[in-house]
Amino acid sequence: MAPPKQMNLKDAIAQIQDGDMLTFSGFTIWRRPMAAVYELIRQGRKDLHLVEVNGGTHSDLLIGAGCVKIWESCWIGHELFGKIGANLARKAEAGEVVIEDYSHLQILYRMAAGSMGVPYLPTYASLGTDILNPKYDHLGQMGLRDGSHPKIPMKKYEVVKDPFYGGELIHVPAVNPDWCIAHVQMIGEGGTVRVDGQVYSDEEAIKASDNVIVVAEQVVTEEYIRREPTRNLVAGHQITSIVELPWGAHPTGCFGCYETDGSFINKFFTRTRTQEGLDAWVQEWIHDIPDFNAYLEKVGIETLETIRANPAFGYSTKIKRGTRA
Amino acid sequence: MAPPKQMNLKDAIAQIQDGDMLTFSGFTIWRRPMAAVYELIRQGRKDLHLVEVNGGTHSDLLIGAGCVKIWESCWIGHELFGKIGANLARKAEAGEVVIEDYSHLQILYRMAAGSMGVPYLPTYASLGTDILNPKYDHLGQMGLRDGSHPKIPMKKYEVVKDPFYGGELIHVPAVNPDWCIAHVQMIGEGGTVRVDGQVYSDEEAIKASDNVIVVAEQVVTEEYIRREPTRNLVAGHQITSIVELPWGAHPTGCFGCYETDGSFINKFFTRTRTQEGLDAWVQEWIHDIPDFNAYLEKVGIETLETIRANPAFGYSTKIKRGTRA
Amino acid sequence: MKNRHALTHPVEFKPIDLLAVAASREVTDGDVVFAGTGLPMLAIGLAQLTGAPNAVCIYEAGSVDGHPISLPTSVGDARCIYQASIASGLFDVFNQLQRGLVDLAFLGGAEVDRYGNVNTTGMGTYGIVPEKRLTGSGGNSDINGLAKKTVFIMVQEKRRFKEKVDFITSPGWKIPKWPGGEIVDKKEVYNNAFRGGPEAVITNMGVFRFDENGEMYLSTYHPGSSVEEIQANCGFEVNVSRVQGETPPPTYGELDYLYNTIDPEGIFLS
Amino acid sequence: MKNRHALTHPVEFKPIDLLAVAASREVTDGDVVFAGTGLPMLAIGLAQLTGAPNAVCIYEAGSVDGHPISLPTSVGDARCIYQASIASGLFDVFNQLQRGLVDLAFLGGAEVDRYGNVNTTGMGTYGIVPEKRLTGSGGNSDINGLAKKTVFIMVQEKRRFKEKVDFITSPGWKIPKWPGGEIVDKKEVYNNAFRGGPEAVITNMGVFRFDENGEMYLSTYHPGSSVEEIQANCGFEVNVSRVQGETPPPTYGELDYLYNTIDPEGIFLS
């Protein structure tokens, strides 16, 4: 296996094809590869199939911009800064994007199964819910579970008996996305990945995927990152491409580096509840801007310095968050 | 759930009953709870059912001393210092201990399933081997898979079809031992466990078990161990009892603390290939000694200081290992 | 200075304060509690400062027993892991849930029925083209299914307390058994993993609990509300035969903790 | 000073040196290699110093791509993680194996048959009371089943090279399909997880490989050995129709690396 190549964001994202299956690092509004999502939109990628442990600002934007055909996950929103994923809701209600629902544990296990090299995992999660209602097996209803789509399992789930201890449970199918785009704090030149703070479901997402683009706050020498191998998450032979791009998760937060830019996300949420609003936002923040440096200029140094994390805590102590701060 | 109690080794081990199912921390001759095993023998525990991801000096001794009835695992030996687990071999060949064979991945997955709260895991591991030969389902042959033994699954494994992507594989049943005895480098007073270096299968062994005794090189404050929560493995609510006992893994090694005492293990191996030899060894190193302090006195300060790890490397730079050192 | 243990008067607290306080009182000392963003964070924080100092809080994103000195705005927040026992990920904490280690969980929802079935997926007709899409299940369904006890915090409106929710996202006491879909007791569906289910629903008007048959009944109404007002804001007939009177209001000490220790910045308590 | 690339003469190396060197030559640059304690450690270390500088070594106990400056005595050794990419545990590395990331693995065994089925479990009659118990499978069976290529390093004796091994611990090219036990091609048993199988068996006398039918043949005999000696020490009739001559001996450079860089303490090379 060839060691991963370091490249710029544009070239890294250009490897992704229309129709590919994608997943991401992070959790809701934390450590999302936002710069990569902007670039996907800038390059006009279409018909993407997203399978993610949970959604957030990154996927709501990508969906709103018309890049996505199928979204398999359990949740989307912007936490405190936007109660729902309004772009997904609008696109789904217009019949432009198909949602396949799983519960959080189920979709996590789909990714974990992919990372383990097994075709499914058993679970008791979310038995007795409409998530398992055959009526809502949307990919099945659309005839996509006929075995002709290698990344789409032939069943949404299966009910099974436990022959070892008795009882009954379900199996959820593995997923192996074509690509994981992960934003992390640090990567070695040879591809050794370090994630600091909560790792969310990054290990499963990265290891389940056939190809992995890592966008990192910092690229360091392998000698440095290997001084503490117990702190590293994934080795270079599971990584395809490396991009060094500080602030690349903005407006989502990155433990130890910067805070979530809640004000930015809230403005995004407020402005993009209509398609017109989303289109205007995309024009202003993506198409009217040549690259990510111009984006950061537009965000402004004052904002960036306000959200920069205090090293003692891993989060910003300067940001005003509540109404009484 | 009550926070874990700190106690002495004798009282901690006294909680384990004859016939209980046990598992352990560590890997072959690394981070094995040897002092706890000596204490189990001293207290004369009988009919133990061991299920471990792999065996080593600790289990070969426990089996030789007549404490064990069933051993489910994949391997036993002393690495470079003793090619086979001669005590297990002798006891099995005499019909005094029953072996149930799994492969390494299979028995790891049995423990992982237990830790995940699922009744089994699917795997492709070791298909097409005699490990799956129904003739060698020893617990089944003995009639123990009739459902009347809550810790013994009703099947050794099951062959299944994959309805999602086609193909065929097996399920291996979860295991939830009554007790895990784990030797680790550090634990907080509230039970937060930190393992340094390779974690082997400690996470699975600890989290699969209904009760956990942690023997630690050092007990520290929770405030201290929680300064870096990303380095910790298990929280206090999964721990039952805490014992502080430096050198408690001797003669097996403990990353960052001390080297495997290969010479000690090799002498054990050489002396205990017969039952008489084992009995004499147990008399000398366990029954003739009141406690672990006396054991360390007998090992001698020179040996302990020679195997003590150099903090720069995590292993000893003083020990003579090869023939040309 | 007021006695910290004295009860406040209705004009001295807001509805959200009572929600947080009532929720915190559901925590037993030593409980392992699964909590989400918002009110649950206030509730578990308050419980740890009052009756349940040894309660352990697990957040879904992968932290165990954090002791934030600055209130997190989400469970993925960097603040969650300050003085935490463990900072890990979803695989760790969801496995703990499935393993049966979670005693209590706080959850929310858009719709609920009398059996504690909750909808957070979609309103109206659901399908390939949904009528009105919501956020989706998140961990709600997993947690409600597998924790020993769950407590829901919800807004009391007729359109939210329904005879039948539009989509069962999160499993209550009577649920469909798939693939057939016949409605049976939760125990029959969860079999070896059955550990309990919805314990209470706390709204801005009252506290509901569940009887031996898994049916919701009104337990207490909040100061300023009434049985009648609650029935008027409930889409099904509420069992009021077990009402025990008014929900005890917050104490001065509880309010002080909420506003000055837990959320001094006014993130959730503006 | 001798040319490092020049071949040594039979009196200048020991059998174990040739085993390590022959094994190291099986590594292709960039391979992800699963290795165990002992000779495999020498082989992968030598490969990284010669033809395969980018080979990645995974040890079963949970380390990835370590660069020890002091030779480990076992895969659990603290030395394994020096300048490693990852220090984790079995769950990580066995999942990588099952996911199909392992290109090559070095294994050992007590008995082997012509299809590369290997026994490390028991000699003689096996059962509840075994005739002669060995160490057990360890990861041998998992790795032989799931790596793309495996190379066995074994002692050449008639009692070890058998027509039929007493217990199939580790799956070769023709194996039983359970629960029935009929002998079929490995591909039929492993289906979606089929990636290859035994590539070579290296003994103290020669190097064996496997043909299109998964049957072992003699590829080269070591300097000082012969086709006849090998057949005399093999319990089944060896296919010698493809013998390519002598196994190339170690170079002076390879011996220097083995004795002075990889194992200067004389742990395995005494």
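In what follows, chains are A, B, ... by sequence order, proteins preceding strands, each numbered from 1.
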When only pairs under 4.5 Å are counted, which of [options] shares the most heavy-atom pairs with chain A?
options: C/Pro130, C/Gly181, C/Pro179; answer: C/Pro130
options: C/Tyr59, C/Phe268, C/Tyr259, C/Tyr82; answer: C/Tyr259
options: C/Pro264, C/Gly122, C/Ala61, C/Gly38; answer: C/Ala61
options: C/Ala193, C/Gly172, C/Ala84; answer: C/Ala193
options: C/Gly139, C/Cys80, C/Gly145, C/Ala87; answer: C/Gly139
options: C/Val184, C/Asp142, C/Asp92, C/Ile175; answer: C/Asp142

With a 4.5 angstrom heavy-atom cut-off, is it the side chain or the backbone of [X] that approaches chain C, or both, or neither?
X: A/Phe27; result: side chain
X: A/Val53; result: side chain
X: A/Glu168; result: both
X: A/Lys320; result: neither
X: A/Tyr136; result: side chain
X: A/Ala112; result: side chain
X: A/Val199; result: both
X: A/Leu105; result: both
X: A/Ser115; result: neither
X: A/Glu259; result: side chain
X: A/Ser73; result: neither

Kindly compute the distance separating [atom1] ([X]) from [atom2] ([Y]), expressed to the nearest 0.5 Å.
X: A/Phe255; Y: C/Asp77; atom1: CZ; atom2: CG; value: 10.0 Å
X: C/Asn140; Y: A/Ser126; atom1: CG; atom2: OG; value: 9.0 Å
X: A/Thr323; Y: C/Ile267; atom1: OG1; atom2: CD1; value: 9.0 Å
X: C/Ser74; Y: A/Trp30; atom1: OG; atom2: CH2; value: 6.0 Å
X: A/Asp130; Y: C/Asn117; atom1: CG; atom2: CG; value: 9.0 Å
X: A/Ile99; Y: C/Tyr126; atom1: CD1; atom2: OH; value: 4.5 Å

Part of [X] lying under 4.5 Å from any heavy atom of chain A:
X: C/Leu90; answer: both
X: C/Lys132; answer: both
X: C/Gln98; answer: side chain
X: C/Ile128; answer: both
X: C/Ile86; answer: neither
X: C/Pro72; answer: backbone
X: C/Asn119; answer: neither

Can you tell if the side chain of [X] reaches within under 4.5 Å of the side chain of [Y], non-hydrogen atoms only?
X: C/Phe91; Y: A/Glu203; value: no
X: A/Tyr165; Y: C/Asn191; value: no
X: C/Thr120; Y: A/Trp75; value: no
X: C/Phe94; Y: A/Gln106; value: no
X: C/Pro176; Y: A/Asn133; value: no
X: A/Thr129; Y: C/Ser137; value: no
X: C/Arg133; Y: A/Ile84; value: no
X: A/Ile131; Y: C/Phe167; value: yes

Exercise: identify the closest heavy-atom pair between [X] and [Y]:
X: C/Ser141; Y: A/Ser103; result: OG-CB, 3.2 Å
X: A/Tyr315; Y: C/Ser70; result: OH-CB, 3.7 Å
X: A/Gln198; Y: C/Val75; result: NE2-O, 3.3 Å
X: C/Glu265; Y: A/Arg321; result: OE2-NH2, 2.7 Å

Return the option, out of [options], with the maximum number of heavy-atom pairs under 4.5 Å with chain C.
options: A/Thr123, A/Ile170, A/Leu139; answer: A/Thr123
options: A/Gly314, A/Gly77, A/Gly85, A/Pro134; answer: A/Pro134
options: A/Leu127, A/Val195, A/Leu80; answer: A/Leu127

- Query: Would you find a donor on one side and an acceptor on the other, under 3.5 Å apart, between the side chain of A/Asp101 and the backbone of C/Gly136?
  - Reply: no
- Task: Taking A/Tyr124 for its side chain and C/Leu146 for its backbone only, find out whether a donor-acceptor pair lies under 3.5 Å.
- Result: no
Under 6.0 Å from the [atom1] atom of [X], do we count more than 12 heavy atoms belonging to anything else shown?
X: A/Lys318; atom1: NZ; value: yes
X: C/Lys164; atom1: NZ; value: no
X: C/Lys162; atom1: NZ; value: yes

- Between C/Thr73 and A/Glu79, is any side-chain donor less than 3.5 angstrom from a side-chain acceptor? no
